[in-house]
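A short worksheet on the structure shown next.
For ligands, and for the atoms within them, numbers begin at 1 and follow the listed sequence.
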Amino acid sequence: MSQATQPKNNELAQAVRHSFTLTDNETGESWELPTLHGSVGPKVIDIRKLYGQTGAFTYDPGFTSTASCSSEITYIDGEAGILLHRGYAIAELAENTDFMDVCYLLLHGELPSPEEKEQFDGDITRHTMLHEQLVRFYSGFVRSAHPMAIMVGVVGALSAFYHDSTDINDPLQRMSAAHRLIAKMPTIGAYAYKYSLGQPFMQPLNDLTYSENLLRLMFGVPTQEYQANPVLARAIDRILILHADHEQNASTSTVRLAGSSDANPFACVAAGIASLWGPAHGGANEAVLNMLEEIGTKERIQKFVKKAQDPDDRFRLMGFGHRVYKNYDPRATVMRETCHEVLKELGIQDPKLDLALELERIALEDPYFVDKKLYPNVDFYSGIILRALGFPTNMFTVLFAIGRTVGWISHWKEMMESSESRIGRPRQLYVGKEERPFTAVAQREHTEKRSGWAWLWGGNRKTTDA
Ligand code: SDX
């Protein structure tokens with residue numbers, strides 16, 4: 001279809017009429033299921049009427065073959081290792097834009113003009129401070145609290161402070177919530193780090209860029225001027241770009257599902273942060289460094305590469321594999337280049353990088369990884385860079401969350417503006433007990449299996465939490 005006659009994406013999805021024929025071999029019945037076609041990528045089978053027509057559900061734990069929505073924000077071709085944001089290749093954006101440009105692009109669909117950029121950068125800059133009552137939340141945490149636990153709590157609490165950004169039906173309030181979340185995440189994350197050190201919180205400065213502010217909030221102290229190294233600020237900016245969005249990943253899908261109930265955007269993003277924390281997702285960057293620590297030397301790599309292949313061992317090579325990419329994650333390529341730049345600028349010879357490079361070489365030559373198309377993903381190198389920049393391991397996923405916030409809120413905004421969106425309510429394949437008569441307590445047999453939980457609190461029925 002020529003560009004001139006290319007209808008809008010949603011119209012395009014409806015415009016082409018093909019179908020799949022579904023036959024129930026049990027009853028011999030057949031149904032025509034229409035297909036929808038996007039602008040690029042796999043077509044979809046429209047099953048919205050399937051249950052009503054057939055009385056059957058589809059079954060897809062983990063949603064390996066399920067499109068949960070239509071979207072114009074990000075396109076991934078996992079086989080080819082392609083990642084586009086609003087049509088722009090990630091390598092182009094990482095090379096030629098800054099993180100604020102990418103935030104504008106994801107939110108508005110186009111890169112900003114010079115005037116739009118000046119306005120947007122200014123809007124974000126003027127919302128980087130936290131309400132003083134919100135700052136007092138930090139003192140309620142133990143100093144050893146994981147910064148992601150703090151971030152979940154503080155971001156969820158934002159809706160208690162910004163009532164003028166919680167009317168989800170008001171486009172202006174939706175945008176002000178987006179600006180506030182993007183602007184405040186570095187402050188929220190950096191304050192969690194400062195709190196763990198017992199150091200005073202720094203105030204963001206309006207004459208610094210987003211990434212310069214992040215570095216100063218993290219590593220500046222009130223007793224002396226902090227001058228961000230431009231090479232390191234650029235590296236942080238690029239890391240945020242690489243983490244900005246990634247289609248319908250677990251945390252973005254969490255934000256969409258939470259938002260489908262018309263929950264406020266701050267609560268939805270807090271849910272996304274909680275989902276990102278898992279080591280199978282955004283927590284992998286922290287897990288990569290812990291894994292490299294455990295491997296220790298190049299001589300021990302083979303042992304762990306084999307351990308990762310043991311079907312009876314839950315151990316996996318952290319930073320390897322991806323649900324969508326069956327090729328090199330294009331973000332990992334840029335991340336590896338950034339890693340070399342940062343270590344060179346800092347004059348660091350990090351043995352963990354040498355170990356990571358050797359692990360990558362060995363894994364990519366191992367038939368198990370080759371056959372299963374397991375390549376390094378975005379998390380494999382990011383931890384090494386962040387460690388070189390001085391971030392503690394438990395802050396790595398916080399950096400991921402700071403970058404991904406714009407992706408979460410852009411998908412939330414797209415969903416709230418879509419005529420297709422409705423509350424997300426999946427069904428299930430029920431495999432539990434069918435209806436059975438009630439059993440009075442005197443008739444219930446004592447089984448070791450259930451009573452085995454008595455050990456849970458050391459058998460002491462009197463324990464209570466603090
Ligand atoms: C992110 O979705 C996104 O876009 C996420 C993300 C984003 O930007 O939002 O890209 C960010 O989360 C990157 C992924 C970070 N996680 C890790 O690095 C953790 C290690 N990776 C694995 O846990 C795994 O690869 C996943 C979770 C990333 C993907 O899991 P899938 O898609 O469910 O794949 P799978 O578990 O079905 O794996 C397929 C096979 C399995 O073997 P079989 O059961 O077929 O015999 O590959 C094996 C897996 O055991 N496998 C691995 C492996 N990853 C998959 N074996 C060893 N090491 C690994 N890392």
Using a 3.5 Å cut-off and no angle test, enumerate the donor-acceptor pairs between side-chain atoms of residues 339-349 and protein atoms at least two apart in sequence or in another chain.
{"residue": "E341", "atom": "OE1", "partner": "R238", "partner atom": "NH1", "Å": "3.3"}
{"residue": "E341", "atom": "OE2", "partner": "R238", "partner atom": "NH1", "Å": "3.4"}
{"residue": "E345", "atom": "OE2", "partner": "N229", "partner atom": "ND2", "Å": "3.1"}

Assign the ring pair H146 / W277 to parallel, tilted or perpendicular, where the plane angle (0 to 90°) is split at 30° and 60°. tilted
Please work out which of the three classes, parallel, tilted or perpendicular, describes the rings of F266 and Y162, given edges at 30° and 60°. tilted
When the aromatic ring centroids of F304 and F315 are compared, is their separation below 6.0 Å? yes
Salt bridge D46-R48, side-chain N to carboxylate O under 4.0 Å: yes
Under a 4.0 Å heavy-atom cut-off, what residues line ligand 1? H246, N249, P279, A280, H281, A284, A308, R316, L317, M318, G319, F320, G321, H322, R323, R331, Y368, K372, L374, N377, D379, F400, R404
Ring centres under 6.0 Å, that's the criterion: do Y375 and Y325 meet it? no
